[in-house]
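Here the structure is laid out as structure tokens; the discussion comes afterwards.
Atom set for the values below is all heavy atoms of this structure, side chains included, hydrogens, waters and symmetry mates excluded. Within every chain, numbering begins at 1; the chains are lettered A, B, ... in the order of the sequence lines, protein sequences first and strands thereafter.
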Amino acid sequence: MLDIRRIRNELEAVVAELDRKGVPSDEVRRAHDIDVRQRAVAADRDGVRREIKEISGEVGRMHRDGRVEEAEERRARSRELGDREARLAAEADDLAQQLRALLLRIPNTPHPDVPSGVDERDNPVLRVHGFDPDAYAPHQRVPHWETGEALGILDVERAVKISGSMFTMLRRGGATMSRALCQWALDRNADAFEEVRPPSLVTTETLTNTGQLPKFADDAYHLERDDLWCIPTAEVPLTSIGSGETFRQADLPLRYMAYSPCYRREAGSAGRDTRGLLRTHEFDKVEILAYARPEQAPDLLEEMTGRVESAMVDLGLAHRVIEICGGDLGQSHHRSYDVEVYAPGCDQWLEVSSVSWFSDYQARRAGIRYRPEQGKGTELVHTLNGSALAVPRVWAAIVETHRREDGTVAVPEVLWPYTRGITVLEP
RNA sequence: GGAGCGGUGGCAGAGCGGACGAAUGCACCGGUCUUGAAAACCGGCGACCCGCAAGGGUCCGGGGGUUCGAAUCCCCCCCGCUCCGCCA
């Protein structure tokens with residue numbers, strides 16, 4: 001959520017900032033309007049409550065002093081006020097509820113340095129590593145789904161039989177390498193991040209904290225019987241670890257990482273990226289996440305992006321970093337970098353990580369605070385997160401990049417400690 | 001799933017219709033004392049919202065209700081613990 005005080009005091013600035021994301025101003029203006037009315041009604045309500053409290057105190061004292069009929073008169077007066085209080089309170093609650101519902105739908109404002117743009121075509125490429133389009137041999141120009149089926153390490157047909165379209169199944173060395181990628185990704189970030197194994201099913205409240213609800217309910221799997229949601233990313237449970245809690249400034253930044261399965265309905269993307277592993281309902285991912293003081297956030301964003309890039313280097317994959325422009329930034333995002341890997345077989349840049357800074361947008365929804373060493377009270381933390389490694393697309397890029405002339409695939413050496421001796425994927 | 005007990009400030013733990021935002025202890029912050037520290041003593045110490053401020057309001061798991069007045073009484077829900085059942 002945005003800070004209602006900013007909407008209150010700097011409405012036009014907020015409108016201008018949201019415009020950079022292509023967000024129309026009507027909802028913010030309506031929020032501003034409701035806020036004005038809400039506060040007026042709440043002030044009236046509080047005045048009446050104050051009177052009731054005073055009178056109740058008097059009634060108590062009169063009773064002790066035996067002034068019964070005087071007390072009776074005061075009591076009648078308070079009863080009248082009670083009706084007014086109830087009406088004002090109901091109105092104030094209703095307005096507050098409307099305001100919150102609106103606020104939950106209004107996106108975060110972008111960081112001032114976010115480049116202007118309308119959609120993904122306007123995302124500037126920040127840097128490119130190890131990419132030379134002419135350097136690929138014909139044996140690398142084979143899409144991973146063909147190599148995967150030929151080697152018996154990818155079995156899409158049976159996955160579809162078991163679970164329906166857009167589910168996949170890895171087998172033998174392919175399954176082993178997938179698991180190895182997760183373990184390796186966790187181990188290489190263990191220097192700075194606490195390993196967590198979070199729940200994969202979460203409550204409506206938890207899925208609201210990170211911004212997926214209420215707006216994007218169609219994208220998530222919902223277990224109606226128990227009113228639980230399948231997480232689309234470990235960001236969801238990890239962000240809510242600290243919900244409703246207040247941390248000490250000295251403990252920040254707090255860093256967590258987790259392997260988790262991720263579930264996405266991919267509503268509206270039927271027919272896109274239908275081959276292979278590029279877009280599936282269920283996949284594995286290792287996520288890294290931090291709670292930080294606002295001043296710490298910019299450096300953390302760079303550090304976390306750097307961690308993803310160096311992982312791609314170690315896997316021998318060509319990749320690039322792009323910055324997400326205003327119009328392409330997600331609902332909750334303040335600033336984002338995408339890391340994309342080049343897959344020579346399908347000749348595509350595949351997004352394997354999106355490292356993002358959410359400013360205090362998620363922390364305000366979730367109530368994650370810290371106590372500053374100077375000054376009074378509490379402040380909201382800033383949250384950041386990114387995929388340390390999204391398995392299927394990295395798997396695809398490895399199978400295409402490291403395919404050899406004989407049709408087998410070389411497993412990157414950094415994974416060998418995790419593959420039970422498998423160094424080559426072969427039939 | 002069934003039965004019993006419980007959910008109060010950072011923690012422990014009183015309060016069980018009015019003077020309670022809440023005793024007390026610990027923790028924490030400031031001071032006295034001390035070469036320094038500890039101990040002792042003195043003082044302070046919750047969060048959130050509205051307000052320039054003065055000040056006001058809300059919060060005793062959550063939601064309803066009773067009452068002039070609810071942490072305290074009633075109803076529903078959630079969570080925890082113990083026992084039973086079931087189960088990887």
query = Hey, are the side chains of A/E323 and A/R335 touching, using non-hydrogen atoms and a 4.5 Å cut-off?
reply = yes
task = Take atom P in B/rG4 and the same atom in B/rC74, then report the distance between them in whole Å.
result = 16 Å
query = If the C1' atom of B/rG61 is compared with that of B/rC52, how far apart are they to the nearest Å?
reply = 37 Å
task = Provide the distance between the two P atoms, one in B/rC42 and one in B/rG25, to the nearest whole Å.
result = 11 Å
ask   = If pairing requires Watson-Crick or G-U wobble contacts with both distances under 3.5 Å, which nucleotide is the partner of B/rU82?
value = B/rA3
ask   = Quick one: which of A/Y337, A/Y361, A/F358, A/W357 gives a ring pair (Phe, Tyr, Trp, His ring centres under 6.0 Å) with A/H111?
value = A/W357
key: Pairing partner (Watson-Crick or G-U wobble, both distances under 3.5 angstrom) of B/rA40   = B/rU32
query = Rounded to whole angstrom units, what separation is found between the CZ atom of A/F247 and the C1' atom of B/rG10?
reply = 13 Å
request  = Return the nucleotide paired to B/rC16: Watson-Crick means purine N1 to pyrimidine N3 with N6-O4 or O6-N4, wobble means G-U with N1-O2 and O6-N3, both under 3.5 Å.
outcome  = none
ask   = B/rG18 P sits how many Å from A/R67 CZ, rounded?
value = 19 Å
message = On RNA chain B, does the nearest nucleotide to A/D93 precede the nearest nucleotide to A/R8 from the 5' side, or the other way round? Give the residue.
response = A/R8
key: Interatomic distance, A/L95 CG vs B/rC49 C1' [rounded to whole Å]   = 15 Å
query = When you compare B/rG21 with B/rG31, how far apart are their C1' atoms, in angstrom units rounded to a whole number?
reply = 27 Å
key: A/E205 and A/N209 side chains, donor-acceptor separation under 3.5 Å   = no
query = In terms of side-chain heavy atoms, does A/S116 have a donor or acceptor partner in A/R20 at a distance below 3.5 Å?
reply = yes
ask   = What distance, rounded to whole Å, do you find between the two P atoms, one in B/rG10 and one in B/rC49?
value = 16 Å
task = Calculate the interatomic distance between A/L99 atom CG and B/rC49 atom C1'; express it in whole Å.
result = 13 Å
inquiry  = Check this for me, if you would: do A/R255 and A/E303 make a salt bridge, where the nitrogen-to-carboxylate-oxygen distance has to be below 4.0 angstrom?
reply    = yes
key: B/rA23 pairs with, by Watson-Crick or G-U criteria that keep both distances under 3.5 Å   = none
query = Taking atom CD of A/E379 and atom CG of A/L252, what is their separation to the nearest 0.5 Å?
reply = 11.5 Å
key: Same-atom distance (P) from B/rG69 to B/rC76, integer angstrom   = 23 Å
task = Take atom CD of A/E245 and atom P of B/rG9, then tell me their distance rounded to the nearest Å.
result = 14 Å
message = Looking at A/R371, I'd like to know whether one of its side-chain N or O atoms comes within less than 4.0 Å of OP1 or OP2 on B/rA47.
response = yes
Whole-Å gap separating P (B/rC78) and CG (A/L228) = 13 Å
Return the polar atom pairs (N/O with N/O) between nucleotides 67-77 of chain B and the protein under 3.5 Å, or none.
from   : atom 1 : to    : atom 2 : distance (Å)
B/rC68 : OP1    : A/R79 : NH1    : 2.4
B/rC68 : O2'    : A/S56 : OG     : 3.3
B/rC68 : O2'    : A/S78 : OG     : 2.3
B/rG69 : O4'    : A/S56 : OG     : 3.1

ask   = Whole-Å distance between B/rG51 C1' and A/R39 CZ?
value = 10 Å
ask   = If you measure only the distance, is there a donor-acceptor pair under 3.5 Å linking the side chains of A/N108 and A/S359?
value = yes
task = Taking atom C1' in both B/rA19 and B/rA23, compute the distance separating them and give it to the nearest angstrom.
result = 14 Å
Using atom names, set out every protein N or O paired with an N or O of nucleotides 52-57 of chain B below 3.5 Å, distance rounded to 0.1 Å.
from   : atom 1 : to    : atom 2 : distance (Å)
B/rG57 : O2'    : A/D46 : OD1    : 2.9

ask   = A/T210 and A/E235: side-chain donor and acceptor closer than 3.5 Å?
value = no
query = A/H222 and A/R265: side-chain donor and acceptor closer than 3.5 Å?
reply = no
inquiry  = Please report the distance, rounded to the nearest Å, between CG in A/L103 and C1' in B/rC49.
reply    = 14 Å
inquiry  = Does any part of the side chain of A/N123, heavy atoms only, come nearer than 4.5 Å to the side chain of A/D338, both counted from C-beta?
reply    = no
task = Could you tell me which nucleotide pairs with B/rC60 by Watson-Crick or G-U wobble geometry, both distances under 3.5 Å, or answer none if nothing does?
result = none
task = Rounded to whole angstrom, note down the P distance from B/rC11 over to B/rA27.
result = 16 Å
inquiry  = Looking only at the side chains, is there a donor atom on one of A/Q212 and A/D219 sitting less than 3.5 Å from an acceptor on the other?
reply    = no
